[in-house]
Amino acid sequence: MPKFIKTLLLLIFLLDIAGAAFGQTTLGKGLLAVNFDEKTTLVFYNSPSDKTPAKRIEFFNDRSISSWNIKSLETHKKWLSPEVLWLDYSPLVFRFKALNDKWAEVIVNNTTGKSYWIKINSSMTSLTWQAFLKEKFGVSRVSKQKIKKSPSVNSTDLIYEGEDCFQVKSMKGDWIEIFSADYCDESYTKSKTKIKSGWIKWRQGNRLLIEYFITS
């Protein structure tokens, strides 16, 4: 397969995943990040008691695109659409429904809500949504909800002009405290207002009300 076709297929896969990350399935109890390399294999089971895997994905160093890749990618695209799978920049991240010291039930498809069980190992790190969002390059509002002075719908609205350009400082229930990132300036984001501390809702039930960005 020509190099440019492989690159195009990989880009389409990543765009599909990015869109699915904001689907209607449960947000889970937290997130499980998997640091992978070219030797990583993940085995998925319908139940921790099963002896036969339901699915398996194998990573490899794809020199044709200078990136990690997944063997039989086209086949896995039919069921695999996790929270994050950006092969160049970020760990593989799943929302999890259950977690102990041996097993995690992870949502492998954010659109359908399909979940499997995987064995916990040293390459995996569990994160709260707060920790996950705080480490992101930036967040923005999906809908133009007002920025509040405190985490309450009855709180005073903060005046903000320009494109959203925020990072996350803290979380309180359905609310996150945001502030203008250091890189927020008119030349970069057309952000005209600096927010030192403001609050927006990050979720409504199982629906994310924000978009997050891994890199610039």
Side-chain angles (χ1 to χ4, degrees), residues 11-34 77 79-99 104-116 118 124-155 157-158 160 162-181 183-184 189 191 195 197-216:
L11 177 61
I12 292 172
F13 181 47
L14 296 177
L15 289 175
D16 287 344
I17 287 173
F22 303 100
Q24 298 298 315
T25 191
T26 177
L27 292 174
K29 296 181 178 180
L31 300 129
L32 188 71
V34 181
K77 283 170 57 177
W79 62 273
L80 183 65
S81 184
E83 185 67 24
V84 176
L85 179 53
W86 196 344
L87 298 173
D88 284 334
Y89 294 104
S90 178
L92 168 60
V93 179
F94 298 99
R95 301 176 186 183
F96 68 80
K97 298 171 68 174
L99 178 72
E105 183 183 8
V106 296
I107 297 172
V108 296
N109 190 303
N110 276 17
T111 301
T112 66
K114 176 64 179 177
S115 64
Y116 288 119
I118 58 175
M124 301 174 184
T125 304
S126 62
L127 298 166
T128 63
W129 273 101
Q130 175 174 313
F132 178 74
L133 293 174
K134 284 179 69 174
E135 69 180 18
K136 293 296 163 281
F137 179 80
V139 300
S140 65
R141 294 166 289 177
V142 173
S143 60
K144 290 302 179 182
Q145 57 172 306
K146 298 293 186 179
I147 301 174
K148 298 291 186 175
K149 186 176 181 179
S150 62
S152 168
V153 293
N154 298 320
S155 177
D157 295 344
L158 297 182
Y160 184 80
E163 297 178 9
D164 283 8
C165 181
F166 309 123
Q167 289 180 314
V168 176
K169 184 182 294 186
S170 65
M171 179 181 290
K172 187 175 182 180
D174 293 347
W175 296 82
I176 50 173
E177 184 183 11
I178 58 170
F179 65 98
S180 295
Y183 55 81
C184 297
T189 64
S191 174
I195 298 290
S197 175
W199 293 82
I200 59 173
K201 281 193 170 184
W202 69 279
R203 69 180 180 186
Q204 183 174 349
N206 281 310
R207 182 166 65 95
L208 285 177
L209 300 180
I210 60 170
E211 185 177 7
Y212 58 78
F213 306 97
I214 297 172
T215 65
S216 59

Short side-chain to backbone donor-acceptor contact, R95 and V106, under 3.5 Å: no

Can you sort out the partners of W175 under ring pair (Phe, Tyr, Trp, His ring centres under 6.0 Å), two or more places apart, ordered by chain and number? none

Please enumerate all residues that pass salt bridge (Lys or Arg N to Asp or Glu O under 4.0 Å) together with K201, with sequence neighbours excluded. none

For the pair Y212 and V84, evaluate side-chain contact (heavy atoms from CB on, under 4.5 Å) and give the outcome as yes or no after the intermediate values. CA-CA 11 Å; Y212 58 78; V84 176; 3.4 Å; yes

Report the C-alpha separation of F132 and V168 in whole Å, then their side-chain angles, then the decisive distance to 0.1 Å, and conclude whether the side-chain contact (heavy atoms from CB on, under 4.5 Å) test is met. CA-CA 10 Å; F132 178 74; V168 176; over 6 Å; no

Listed partners of S197 passing side-chain hydrogen bond (donor to acceptor under 3.5 Å, both in side chains), at least two apart: E177

Between the CG atom in L31 and the CD atom in Q130, the distance rounded to the nearest 0.5 Å is 12.5 Å

Tell me the salt bridge (charged side-chain N to carboxylate O under 4.0 Å, His left out) pairs involving residues 132-144, sequence neighbours left out? R141-D164, K144-D164

S140: side-chain hydrogen bond (donor to acceptor under 3.5 Å, both in side chains) partners, not counting sequence neighbours: none

I'd like to check the side-chain contact (heavy atoms from CB on, under 4.5 Å) partners of D157; sequence neighbours left out, ordered by chain and number. K146, K148

Between L209 and I200, is there a side-chain heavy-atom distance shorter than 4.5 Å? no

OG1 of T25 to CG of N206: how many Å apart, nearest 0.5 Å? 7.0 Å

Ring centroids only, cut at 6.0 angstrom: are F166 and Y160 within range, meaning strictly under it? yes

Non-neighbouring partners of Q204 that pass side-chain hydrogen bond (donor to acceptor under 3.5 Å, both in side chains), sequence neighbours left out: R207

Set of side-chain contact (heavy atoms from CB on, under 4.5 Å) partners for T215, sequence neighbours left out: W86, Y89

For W79, does its backbone N or O pair with a side-chain atom of N109 as donor and acceptor, under 3.5 Å? yes

Closest heavy-atom pair and its distance - S115, E105: OG-OE2, 2.9 Å

Across all chains, not counting sequence neighbours, the ring pair (Phe, Tyr, Trp, His ring centres under 6.0 Å) partners of W199 are none

Nearest-0.5 Å distance that lies between atom CG in L133 and atom CE in M171: 5.0 Å

Treating S155 as the side-chain partner and S150 as the backbone partner, does any N or O pair qualify as donor plus acceptor under 3.5 Å? yes

Is there a side-chain contact between V108 and F94, using heavy atoms and a 4.5 Å cut-off? yes

Donor-acceptor pair, S180 side chain versus I195 backbone, under 3.5 Å? yes

Could you tell me the separation between the NZ atom of K29 and the CH2 atom of W129, rounded to the nearest 0.5 Å? 15.5 Å

Residue pair V93 / V34, side-chain heavy-atom distance below 4.5 Å: no

Partners meeting side-chain contact (heavy atoms from CB on, under 4.5 Å) with Q167 (sequence neighbours left out): F179, A181, Y183

Looking at every heavy atom in both E211 and V142, which two are closest together, and how far apart are they? N-CG2, 3.7 Å

F96: which residues meet the ring pair (Phe, Tyr, Trp, His ring centres under 6.0 Å) condition with it, sequence neighbours left out? none

When you look at L32 and I118, which way does the side-chain contact (heavy atoms from CB on, under 4.5 Å) test go after all the steps? CA-CA 11 Å; L32 188 71; I118 58 175; 3.9 Å; yes

With rounding to the nearest 0.5 Å, note down the distance linking CD1 in I210 to CD1 in I176. 4.0 Å

Results of side-chain hydrogen bond (donor to acceptor under 3.5 Å, both in side chains) for S126 - residues two or more places apart only: none

On a heavy-atom basis, the closest approach of P82 and L92 is CG-CD1, 3.6 Å

Are there over 12 heavy-atom neighbours, none belonging to K169, within less than 6.0 Å of that residue's NZ? yes

Take L27 and L208 through the side-chain contact (heavy atoms from CB on, under 4.5 Å) test and state the conclusion after the steps. CA-CA 8 Å; L27 292 174; L208 285 177; 3.9 Å; yes

